[in-house]
Every structure is written in C-alpha cells, then in structure tokens.
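Counting starts at 1 for both ligands and their atoms, following the listed order. Counting begins at 1 with the first residue of the sequence.
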Amino acid sequence: MFVAGARPNFVKIAPLMREFAKHRDVFKISLVHTGQHYDFEMSGVFFQGLQIPDPDIHLNVGSHSHAVQTAKIMLSFEKVVIRNKPDLVIVVGDVNSTMACALVAAKIGIKVAHVEAGLRSFDWTMPEEINRVVTDSLSDYLFVSEKSGLENLKREGVSSEKVHFVGNVMIDSLIWAGKHLGKSKVLDDLNLTEKEYGVVTLHRPSNVDSDASLSEICGILQLVSDNIKLVYPLHPRTKIMLKKHGMLGKLTALKNLQLTDPLSYLDFVKLMKESRLVLTDSGGIQEETTALRVPCLTMRENTERPITVIQGTNTLVGKDRRKIARCVTNILKGNFKMGTVPPDLWDGRASQRIAGILRTKVGVDSSHLKAAP
Ligand code: UD1
C-alpha cells in the first residue's frame, strides 16, 4: 500500500508505482491519497503529468494545524489499514502524511518501508525533520538516497540490515520527464528565453510565515530581479502569507519578476532546466538542479541533502543579501560551480532497486499474494 499526500510525494511515488506494476506476480499494489494537498495545481495535475494511477482510496483530509492534520490522517488511515490488511505500507519523503501513516501502520504491526530515509537537517524547527526522524525510527525497510543518510542512520543505531542504499527516486522521475519535455510550452507561454531568466520557489514557514522574513525576501527578489528576469510560481501557502502581510502588491509591482500559479511537473522541470539559476527553499529542487547542473541558491541555513552542496550545484545562502548578490553576479559571469551529478545511484533506477529488494524480502513472506489476480 503506497501513501502519498503532498506535492513532492507524487513525484516520488510515480516511478515506484510504475516499477511495482511490473511485479504483479508478487505484489498487489494500491495507493492511498491522504488529501494533504488537494488543489488541482498541487495534486491532480501531477497525477496527470506523471501518469500516476488514480488513488484507490482518498482520505480527503485537507489543510489544518500540524496536530489536527496528522491526527485526521491517522484516524482515517487506521480504518483503511484495518479494512485492507496490507502486508506493507510504503511511505515517501518527509511530509505530515508520511509520518502519520507510518505511525498507524507500525502500531498495528504492519511493516513500513520509508523511501528517502536517513536525511537529516539537524534543524528541529523544521516540521519535516521531526517527520523524518519519527518515520525512520518506525520503519522496517529504510531506502536511502545519498551517503549522508547511511551515516545518519548508523549514528542513530538503526540496524544495517534494515538499511538499503538505492539512490534517488526523485531523479527517476526527472530522467523520465527528460523524455517528455518536448510537450511543455512553458517558455513560450511565459515569454521566456533559454538561460535568460531565474526561477524562484519559496514556501517554507521559516521564510514566508512572518512579516519580517517576507519583507527581507521581497528586498532580495528586488535585488536579484535588477540583474536577471525572475519567474516565481507561487505555492498557495506563500500566496496566503503575502496577502496576509500586505506584500503581494509589492512583489507584483517588480517589473522584472513574473508571478505564476503553481506549475505542472513537466513545465516546472522544463523551466528549471532552461534557467540560468534557481533560488529556492525546497528540498527536492536542490537535488533536481544538481542533476540538471543548474546553479541553485538555497535560501536556508542548512540542508538535509549535503551531497548537493558538496558535489552538486547547490550553495546555502540563507537570507544573506550580500552573499546572494555575490553568487548571482558570479553565476551571470559564468563563474559558478557546475558540480557533478552524484555517481551514487542517481541513475533513474532507484525504484527498480527498491522493487527488487522488496520482491525478495516481502515477496518471500507473502506467497499467498501470488495467487492474487
Ligand atoms: C507541505 C510539507 C512540506 C513540503 C510542501 C510541498 C509538511 C509539514 N509540509 O508544506 O514539507 O515541502 O508541502 O508543497 O507536510 N494549500 C492550498 N491548497 C493545497 C494545499 C495547501 O491552498 O492543495 C494551502 C493551505 O492554506 C495550507 C497551506 O497551503 O494551509 C500549507 O499547506 P500544508 O500542506 O499545510 O503545508 P505546505 O506548506 O504545503
């Protein structure tokens, strides 16, 4: 039973479900959508673009405070698990849906697999860090995307038998998308020329939830957009906060910055691929820009994905205006680290490896499923 709830989850389950569908002799798969994200632009468009099958079960949980959202997912998911009795629950990433469903399954005694295990920012103010640590501590199969994850789990005392270094399923999707980018008309639609614009995505509570921080960000975007045209697909959370703090007008007024609604996966990958630079606070985008070899300035103080800084194109800049200005100038001069794509299994076959491992581990114990249609 796969679980997905929020936008980055959909990018991760797409290649997994595609791969597991090839093992129907052993696995009977189903998908539960928690409804953490529900707008068409945040959910439905990803199912269409990534060709994800419709969810078998929809929990329709929606947006709430952390406690209420987590509790609602747990209440609904427990009923699903009791009714359907899956042999294994597969959760991905670090959102509230990931942790809530892992907790339900573990308490009922159903095995849990966590895809993207072991990542740590060591920043307990991030809700995702709590979700990561809790989910990993409950999981029976921990699938790790980069070597730092192996070290973190070892230090936390997780038995090495549970841990599998498989690579990055997000990159599986990215490589898949590469074959379909011809369908995207996003550059024409937004009137952009290759390598003559930058992409902005900022939605973390630490960046967009306070007046002071939003104000700093508006100043930074003004500074950067004085040097290069910017495109900023607005996450609903950011839009709500900009309106609440009366700053949407200020951003709209920047003449070299274009605000858009959230984009589909293919359009966003195309937009990143052809951009000169990306300014973000997302987790997955740090990896995607490294794989695409596009310079990435991450507006955070830390990252749970250190390989992107050590080996890739990522630089942590926080909200340091001088550092950001310096990096942008260097990028525009062509003087910026282009990195190398991590050779450690970022090859588009992470999902294949996960299915292969689970086929031997779970398939052996679930021989009754072989008779399933
Ligand atoms: C969630 C994840 C975050 C991930 C992000 C990707 C957690 C704790 N956070 O953050 O790790 O990077 O998704 O997008 O799980 N909203 C809508 N429509 C939607 C979904 C949300 O309008 O379809 C609005 C709601 O007002 C909601 C707000 O956005 O209150 C935030 O949504 P929420 O799911 O709580 O967190 P994200 O910021 O999206």
Run the ring-centre check on Phe143 versus Phe165 and record whether the distance is less than 6.0 Å.
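No, the ring centres sit 6.0 Å or more apart.
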Taking the six-membered ring for Trp and the full ring for Phe, Tyr or His, determine whether the centres of Phe10 and His33 are under 6.0 Å apart.
yes
For the residue pair Phe46 and Tyr265, categorise the inter-ring angle as parallel (less than 30°), tilted (30 to 60°) or perpendicular (more than 60°).
tilted
Sub-4.0 Å heavy-atom environment of ligand 1, residues by chain
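Only Pro8, Gln36, His37, Tyr38, Asp39, Met42, Ser63, His66, Val95, Asn96, Pro127, Glu128, His203, Arg204, His235, Pro236, Arg237, Ile240 have heavy atoms that fall under 4.0 Å of ligand 1, ordered by chain and number.
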Is any side-chain heavy atom of Ile108 less than 4.5 Å from a side-chain heavy atom of Ile82?
yes
Distance (rounded to the nearest 0.5 Å) between Tyr232 OH and Thr201 OG1
7.5 Å
With Glu128, the salt bridge (Lys or Arg N to Asp or Glu O under 4.0 Å) member among Arg300, Arg204, Arg120:
Arg204
